[in-house]
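All heavy atoms count here, side chains included; hydrogens, waters and symmetry mates do not. Just so you know, these numbers come straight off a predicted model, no measurement behind them. Nothing fancy with the numbering, it's 1 onward along the sequence.
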Amino acid sequence: MRKQSSTEVFRITGARQGLAEDVRGRQRRYIISMSVRTLSVILTVVLWNVERPVAIVTLVLGALLPYVAVVIANAGRENAPSLPSTFVPAPVRPAIAPSAGPVATESARPTGE
């Protein structure tokens, strides 16, 4: 028989991911963003004399991506699940009523004559 405790119970599906996993994911997003930026800067240099409008677009993309990459990489653990949606209340067990045995009352006592 399991011992019932009155502690709060939370579903594991509502648990946040681990800190190391979260940091690894943010680093991965930052590296991908910076790789796209590096590619856009290289394309700017290669296309400058060939296709100038495309080169200007890649230059603007290369200038804006560092800001976007930092914002995306730092937006990590703010979206925590709220506790009420993952809270499972402990089952309520009814209290055992006291046994209804003979009870001596004032009127049932013999009087001392």
Side chains of residues 56-63: which donor-acceptor partners sit under 3.5 Å, not counting sequence neighbours?
from: Thr58; atom 1: OG1; to: Thr44; atom 2: OG1; distance (Å): 2.6
from: Thr58; atom 1: OG1; to: Val54; atom 2: O; distance (Å): 3.3
from: Thr58; atom 1: OG1; to: Ala55; atom 2: O; distance (Å): 2.8

Between CD of Gln27 and CG of Asp22, what distance do you get to the nearest 0.5 Å? 10.0 Å
Hydrophobic cluster mates of Val70, side-chain heavy atoms under 4.5 angstrom, ILVMFWY only, any path? Tyr30, Met34
So, do Arg28 and Ile31 sit near enough that their side-chain heavy atoms are less than 4.5 Å apart? no
According to side-chain hydrogen bond (donor to acceptor under 3.5 Å, both in side chains), does anything in residues 33-43 pair up with another residue at least two apart or in another chain? List the pairs. none
Set of side chain to side chain contact (heavy atoms under 4.5 Å, CB included) partners for Val46, sequence neighbours left out: Ile42
